[in-house]
Amino acid sequence: MLSIYNTLTGKKEPFHSLQPKTVRMYVCGVTVYDYCHIGHARSALVFDVIRRYLEFSGYQVEFVKNFTDVDDKIIKRAHERGVSCDTITAEFIEAYYQDMGKLGVRRATNEPKATEHMAEIIALVGTLIQKGLAYPVAGDVYFQVEKYQDYGRLSKRKLEDLQAGARVDVDERKRHPMDFALWKGSKPGEPSWESPWGPGRPGWHIECSAMAMRHLGETFDIHGGGMDLIFPHHENEIAQSCGATGKEFARYWVHNGFVQINQEKMSKSLGNFFTIREIFEKSEWPEDIAGEMLRYFLLATQYRGPLNFSDHAINEAKQTLNGFYDLFKRLEEKTESATADRDLPGVMKRCREAFCEAMDDDFNTPVALAELQRMKSDVNKLLSLGLSTEARKISRKEFRSLGNILGLFQFDKWEFVDKPRPGDVVVGLTGVESRIMVGQVSPEIELSKEQIEQQIAERLDAKKKKNFSKADEIRQFLASRGIVIEDKPDGTSRWKR
RNA sequence: GGCGCCGUACCCAAGUGGUUAAGGGAGCAGUCUGCAAAACUGCGAUUCGGCGGUUCGAACCCGCCCGGCGCCUCCA
């Protein structure tokens with residue numbers, strides 16, 4: 001039984017979808033005026049995994065994630081560059097898809113844009129005015145917070161408390177300082193749409209209400225986003241939506257924690273952020289491997305907690321993944337023995353159950369990963385006792401299947417060793433220590449598979465002749481090229497990059 | 001000023017009233033190996049920021065204190 005922590009109630013609750021076997025979920029996407037940073041990546045990934053797990057659990061998931069494509073920051077950016085807002089938003093929507101694609105984030109079933117929902121937005125604002133919850137002032141329209149009884153129920157704040165610490169500018173035209181804009185009359189040079197209140201554009205919060213209701217209905221199951229959206233964005237969405245319909249809006253509110261840098265929130269305003277593309281560019285690893293490292297790192301902490309970003313943490317993720325892919329590599333090898341085959345189903349069953357139990361507990365991905373690690377360890381033991389070729393295939397498939405829920409373990413190829421690049425220096429150390437690249441000049445050209453196998457054959461020959469110094473020399477040579485040799489019990493060797 | 005979060009071993013990180021406080025990374029020791037690597041085995045917090053309290057029993061509940069952070073303005 002799945003339970004989810006609901007911000008609205010402040011506790012974990014059993015999850016029941018409104019309609020059986022279907023989950024309708026809305027997640028606040030990004031405002032497309034700049035590249036995404038790791039914080040955006042975490043949010044996108046968390047909800048991607050939630051979606052995947054719901055699907056795995058047998059639900060059909062209607063997953064709506066919006067793009068905010070009308071906004072002050074977009075207008076500002078367009079002016080700076082001397083281009084249209086459309087140019088800016090198109091560019092960054094494309095960048096979003098590229099970056100999230102590298103992370104393996106699937107596209108939502110529906111990805112609406114604010115600019116394509118003006119009719120719905122205007123209608124919703126009209127309804128709110130009609131119901132006496134909103135009032136027009138000189139081309140703007142404001143939502144009147146005092147008219148909505150439950151204002152503050154999501155963020156657990158009272159209007160009086162909000163006022164006391166309010167840093168908002170006092171606007172004489174507002175009836176209450178916390179009243180917020182549903183519609184903003186446009187200034188010259190700004191994108192605008194015709195409305196009963198004159199030309200203008202929507203306020204930030206109204207678009208999500210309008211799009212969520214348009215695509216998911218007035219009441220739906222899950223609404224998600226980053227912690228920082230709880231107030232005012234989601235609080236306002238609730239006020240608008242419930243105010244207009246008189247019905248519950250979203251039933252479960254899910255919020256992910258922040259990515260931090262040195263224990264501080266990473267954000268645009270603080271300037272301490274890393275963009276997703278920057279991380280991929282700087283990474284020594286091929287794109288798909290860097291993506292999996294990042295993904296593992298982001299899922300190794302429960303989604304509600306803070307997550308500190310560091311090179312060290314990313315490298316730890318890589319180390320752990322190496323252990324998995326090392327096993328997967330061995331699972332591809334052919335074998336005669338089948339001594340431990342009969343124990344495999346039990347190991348897999350236990351893992352699957354424990355994995356689901358963890359995910360059912362508010363998507364506890366760190367525990368789910370721990371269970372996969374336990375299965376890794378168990379399968380390694382079985383492997384040393386003897387698993388048939390068929391059993392190996394089956395267990396690889398199980399890792400692939402459970403891993404897919406987290407978006408992991410889908411590769412057939414993996415790279416284990418930092419590759420010496422042209423110009424890097426390498427010292428002739430023993431074995432794996434040669435990863436430390438200091439000393440000699442590394443090769444301009446990477447070794448081909450044939451060259452590697454040629455070297456291994458020579459080494460095998462040397463070993464047979466008990467010429468161990470030559471064998472070690474060959475191993476060191478390969479190591480300096482980023483190739484690690486592992487001798488198997490039968491005398492042959494496997495290698496990995 | 002208001003609301004809220006966090007502090008678990010060298011590092012990351014689960015656990016939130018009751019068996020020996022998951023798991024990973026790093027380290028050390030051992031098995032295997034010509035030597036390695038990988039894998040496996042063992043070691044590693046008598047203790048969960050501190051001090052009190054509630055309880056038969058607390059890392060988990062309550063109070064106070066210390067340290068760090070977030071929201072209340074745009075922000076995933």
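Reminder, nothing fancy here: chain letters follow the sequence lines and each chain counts from 1.
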Any strand: nucleotide that pairs with B/G7 via Watson-Crick or wobble, under 3.5 Å
B/C66
What do you reckon, are the aromatic ring centroids of A/Y97 and A/F67 less than 6.0 Å apart?
yes
Report the relative orientation of the aromatic rings in A/H234 and A/H223; use parallel for angles under 30°, tilted for 30 to 60°, perpendicular for over 60°.
perpendicular
Choosing from B/G34, B/C40, B/A76, which nucleotide comes nearest the side chain of A/H40?
B/A76
Tell me what A/G257 touches on the nucleic acid: a base, only sugar-phosphate, or nothing, going by heavy atoms under 4.0 Å.
base
Do A/D228 and B/C74 share a donor-acceptor pair, side chain to base, under 3.5 Å?
no
Which whole-number value in Å describes the distance from A/M375 CE to B/A39 P?
16 Å
Measuring to OP1 and OP2 of B/A14, would you say a side-chain N or O of A/Q302 lies under 4.0 angstrom away?
no
Below the 4.0 Å mark, does B/G25 have OP1 or OP2 next to a side-chain nitrogen or oxygen of A/K318?
no
Taking B/C40 as the reference, what is the distance to B/A26 when you measure between their P atoms (whole Å, please)?
12 Å
Using modelled atom types only, decide if a donor and an acceptor are shared between the side chain of A/T365 and the backbone of A/A368 within a distance under 3.5 Å.
no
Nearest whole angstrom, please: distance from the C1' of B/C74 to the CZ of A/F273.
14 Å
Starting at atom CD1 of A/I314, determine the distance to atom C1' of B/A13, rounded to an integer number of angstrom.
15 Å
Counting the atoms with a prime plus P, OP1 and OP2 as sugar-phosphate, which does A/M227 contact under 4.0 Å by heavy atoms, base, sugar-phosphate, or nothing?
nothing
Could you tell me whether the phosphate oxygens of B/C40, OP1 or OP2, come under 4.0 Å of any side-chain nitrogen or oxygen in A/N380?
yes
Roughly how many Å is it from NE2 in A/H205 to P in B/C72, rounded to a whole number?
11 Å
Just say parallel, tilted or perpendicular for the rings of A/W414 and A/F416, cut-offs at 30° and 60°.
perpendicular
I'd like to know if the side chain of A/S43 and the backbone of A/H40 have a donor-acceptor N/O pair within less than 3.5 Å.
no
Among the nucleotides B/C69, B/C40, B/G34, whichever has the atom closest to the side chain of A/K463 is B/G34
Using a heavy-atom cut-off of 4.0 Å across all strands, would you classify A/F468 as base, sugar-phosphate, or nothing?
base
A/F409/A/F324 aromatic ring centres below 6.0 Å
yes
Compare side-chain N and O positions of A/S310 against OP1 and OP2 of B/C12 and report whether any pair is under 4.0 Å apart.
no
For A/F297, which contact category applies under a 4.0 Å heavy-atom criterion: base, sugar-phosphate, or nothing?
nothing
If you check every side-chain atom of A/K381, which of B/G34, B/A76, B/U41 has the closest atom?
B/U41
Students often get this wrong, so: under 4.0 angstrom with heavy atoms, is A/E371 touching a base, only sugar-phosphate, or nothing?
nothing
Partner nucleotide, any strand, of B/A37 [Watson-Crick/G-U, under 3.5 Å]
none
Between A/A471 and A/G29, name the one whose nearest nucleotide on RNA chain B is closer to the 5' end.
A/A471
Which nucleotide wins on minimum distance to the side chain of A/A370, given the candidates B/G24, B/G23, B/C40?
B/G23
Between A/Y35 and A/F92, is the ring centre distance below 6.0 Å?
yes
Confirm from the modelled atom types if A/E316 and B/G24 form a donor-acceptor pair under 3.5 Å, side chain to base only.
yes
Options B/U73, B/A76, B/A37, nucleotide nearest the side-chain atoms of A/M178:
B/U73
Could you please name the partner base of B/C43, counting Watson-Crick and G-U wobble pairs only when both distances are under 3.5 Å?
B/G27
Residue A/N364, side-chain atoms from C-beta onward, closest of B/G15, B/C3, B/G70:
B/G15
Any side-chain N or O of A/K265 under 4.0 Å from OP1/OP2 of B/C71?
yes
Write down the partner of B/G18 under the Watson-Crick or G-U wobble criteria, each distance required to be under 3.5 Å.
B/C56
With sugar-phosphate meaning primed atoms plus P, OP1 and OP2, does A/P489 contact a base, only sugar-phosphate, or nothing at under 4.0 Å between heavy atoms?
nothing
Distance between P atoms of B/G30 and B/U47 (Å, rounded):
29 Å
Which part of the nucleic acid, if any, lies within reach of A/G39 when heavy atoms closer than 4.0 Å are counted: base, sugar-phosphate only, or nothing?
base
So what does A/H37 hit on the nucleic acid, given a heavy-atom distance under 4.0 Å: a base, only sugar-phosphate, or nothing?
base
Can you tell me whether the side chain of A/R304 and the base of B/G4 have a donor-acceptor pair closer than 3.5 Å?
no
Determine the interatomic distance between C1' on B/U41 and the same-named atom on B/G34; round to the nearest Å.
23 Å
Under 4.0 angstrom between A/N308 side-chain N/O and B/G68 OP1 or OP2
no
Per side chain to side chain donor-acceptor pair (under 3.5 Å), A/N66 is matched among A/E207, A/K113, A/E111 by A/E207
Base, sugar-phosphate alone, or nothing: which one does A/N315 contact when heavy atoms must sit under 4.0 Å apart?
nothing
Just how far, in rounded Å, is C1' of B/A37 from CG of A/L327?
16 Å
Taking atom types as they are modelled, would you say the side chain of A/R42 forms a donor-acceptor pair with the base of B/A76 within the 3.5 Å cutoff?
no
Checking all strands, does A/R330 fall into the base, sugar-phosphate, or nothing category for heavy-atom contacts under 4.0 angstrom?
sugar-phosphate
Minimum-distance nucleotide (side-chain atoms of A/T301 versus B/G24, B/C71, B/A14)
B/A14
Looking across every strand, which nucleic acid part, if any, lies under 4.0 Å from A/A300 by heavy atom: base, sugar-phosphate, or nothing?
sugar-phosphate
Are A/H37 and A/F274 close enough that their ring centers fall under 6.0 Å?
no
Can you tell me which nucleotide in B/A36, B/A14, B/C74 comes closest to the side chain of A/P232?
B/C74
Would you indicate what A/R157 reaches in the nucleic acid, counting non-hydrogen atoms under 4.0 angstrom: base, sugar-phosphate, or nothing?
base
Check every strand shown and say whether A/R374 touches a base, only sugar-phosphate, or nothing at a heavy-atom separation below 4.0 Å.
sugar-phosphate
Give the nucleotide from the list B/A76, B/C69, B/A38 with an atom nearest to the side chain of A/V259.
B/A76
So what does A/L229 hit on the nucleic acid, given a heavy-atom distance under 4.0 Å: a base, only sugar-phosphate, or nothing?
sugar-phosphate
